[in-house]
Amino acid sequence: GSFELAHGGDLFLDEISELPFECQAKLLRAVEYKEFSRIGGNQVIRSDFRLILATNKNLQNLVTEGKFREDLYYRIYGYTMNLPPLRERPDDIPLLVDVVLNEIRQRLALRSLSASDRLKEYLRGLAWKGNVRALKNVLESMVIETNGEKKVLDIDDMPKATFEHTSNGHGNFGYHLYKETGNLGL
């Protein structure tokens, strides 16, 4: 249904590198001819859409390894934008915190929800091993652990975890976040 819903707009497919090889032929047809059939159907449906893809893997290497169709690769290859991981963009974190907390506030119909400057600076100093989803997960955990009752989140509201200090504390990447039972994957 995604191709049908995307008619006249954009279709975003995340982790395109994980698409099974067998499904890649169907995607190629949809991209090349702007047509597809519903699952279990035999009627051809046309859809005009712009395709936006994301992956964290090198598709060219996957083509060489025989894990990604070469014809699909050359059909979808166009403008490539490299988005650096969150750990390489610490100055984005305070703004992202505001955006994420605003989304959570709206979703949960909370009157007020923000983060202290102290918390933003602390989050900015973590060595994020994940991406924005990891930051979202931490912020959502904070809201859950405070039962959505705090208007301004602070460092004390961080999820129950151990923060290992690995530098003198003055660098932006001086912390590693570990859950008590293992790495949180951040």
Side-chain angles (χ1 to χ4, degrees), residues 2 6 10-21 23-24 27 31 50-65 67-69 72-107 113-145 153-186:
S2 297
D10 299 330
L11 176 60
F12 175 67
L13 299 178
D14 197 7
E15 301 299 341
I16 189 67
S17 58
E18 303 302 319
L19 185 66
F21 199 82
C23 297
Q24 293 175 24
L27 178 59
V31 170
R50 179 175 58 176
L51 189 62
I52 301 170
L53 305 169
T55 184
N56 62 355
K57 295 185 179 164
N58 184 318
L59 291 180
Q60 202 166 24
N61 288 348
L62 294 177
V63 167
T64 302
E65 295 168 11
K67 296 178 181 175
F68 199 84
R69 290 178 60 112
L72 178 58
Y73 172 77
Y74 286 111
R75 187 65 180 104
I76 63 174
Y77 186 80
Y79 178 73
T80 301
M81 183 170 80
N82 182 26
L83 184 61
L86 191 56
R87 67 184 164 275
E88 293 176 15
R89 304 178 288 132
D91 293 338
D92 291 352
I93 291 175
L95 177 61
L96 288 169
V97 167
D98 290 339
V99 169
V100 170
L101 288 179
N102 189 48
E103 289 173 359
I104 294 170
R105 182 189 59 74
Q106 288 177 351
R107 189 176 70 235
L113 181 62
S114 63
S116 69
D117 289 340
R118 199 172 84 137
L119 175 62
K120 289 178 187 179
E121 191 59 31
Y122 185 76
L123 293 172
R124 192 174 167 273
L126 291 175
W128 296 95
K129 294 180 182 172
N131 54 26
V132 176
R133 284 185 209 133
L135 176 63
K136 284 176 106 168
N137 289 341
V138 168
L139 293 170
E140 286 178 349
S141 293
M142 293 174 75
V143 173
I144 290 167
E145 287 188 19
L153 298 174
D154 199 22
I155 294 174
D156 300 336
D157 302 313
M158 288 290 291
K160 305 292 183 248
T162 303
F163 293 87
E164 183 181 312
H165 187 272
T166 59
S167 75
N168 63 9
H170 299 294
N172 286 341
F173 304 106
Y175 300 91
H176 294 284
L177 180 59
Y178 293 92
K179 193 173 184 177
E180 288 143 359
T181 57
N183 189 326
L184 271 176
L186 299 178

message = Around atom CZ of R107, are there more than 12 heavy atoms from other residues, nucleotides or ligands closer than 6.0 Å?
response =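 Yes.
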
ask   = Under 6.0 Å from the OH atom of Y77, do we count more than 12 heavy atoms belonging to anything else shown?
value =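 Counting other residues, nucleotides and ligands, OH of Y77 stays at 12 neighbours or fewer.
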
key: Derivation of the side-chain contact (heavy atoms from CB on, under 4.5 Å) call for L83 and N131   = CA-CA 10 Å; L83 184 61; N131 54 26; over 6 Å; no

inquiry  = Which heavy atom of A115 sits nearest to which heavy atom of K120, and what is that distance?
reply    =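 Here A115 and K120 meet closest at O-CE, 3.7 Å.
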
query = Do you know the tightest heavy-atom contact between L101 and S114?
reply =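 That closest heavy-atom pairing would be CD1-C, 3.5 Å.
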
key: Sub-4.5 Å side-chain heavy-atom contact between R69 and L27   = no

message = Is there a side-chain contact between L86 and L96 in this structure, where contact means two heavy atoms from C-beta onward sitting under 4.5 Å apart?
response = yes

task = Show the numbers, then the answer: is there a side-chain contact (heavy atoms from CB on, under 4.5 Å) between V138 and M158?
result = CA-CA 7 Å; V138 168; M158 288 290 291; 4.0 Å; yes

As an exercise, state the distance from [atom1] of [X] to [atom2] of [Y], rounded to the nearest 0.5 Å.
X: I93; Y: L123; atom1: CD1; atom2: CG; value: 7.0 Å
X: L59; Y: F68; atom1: CG; atom2: CZ; value: 5.0 Å
X: D92; Y: L135; atom1: CG; atom2: CG; value: 10.5 Å
X: S116; Y: D157; atom1: OG; atom2: CG; value: 8.5 Å
X: L13; Y: I76; atom1: CG; atom2: CD1; value: 9.0 Å
X: E140; Y: E103; atom1: CD; atom2: CD; value: 9.0 Å

query = Ignoring hydrogens and geometry, is there a side-chain-to-backbone donor-acceptor pair from D98 to L95 under 3.5 Å?
reply = no

message = Show every salt bridge (charged side-chain N to carboxylate O under 4.0 Å, His left out) that has at least one partner inside residues 53-65, sequence neighbours left out.
response =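 Qualifying pairs, neighbours excluded: E18-K57, E65-K67.
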
request  = Take V132 and R89 through the test side-chain contact (heavy atoms from CB on, under 4.5 Å) and record every step on the way to the result.
outcome  = CA-CA 11 Å; V132 176; R89 304 178 288 132; 3.9 Å; yes

ask   = So R124 and D91, side-chain contact (heavy atoms from CB on, under 4.5 Å) or not? Walk me through it.
value = CA-CA 7 Å; R124 192 174 167 273; D91 293 338; 2.5 Å; yes

task = Decide, yes or no, whether a salt bridge links R118 with E121 under the criterion of side-chain N to carboxylate O below 4.0 Å.
result = no

query = In chain order, what residues pass the side-chain hydrogen bond (donor to acceptor under 3.5 Å, both in side chains) check against Q24, with sequence neighbours excluded?
reply =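 Result, side-chain hydrogen bond (donor to acceptor under 3.5 Å, both in side chains) vs Q24: none returned.
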
note = In L153, L139, N102, V100, the residue satisfying side-chain contact (heavy atoms from CB on, under 4.5 Å) with L113 is L153

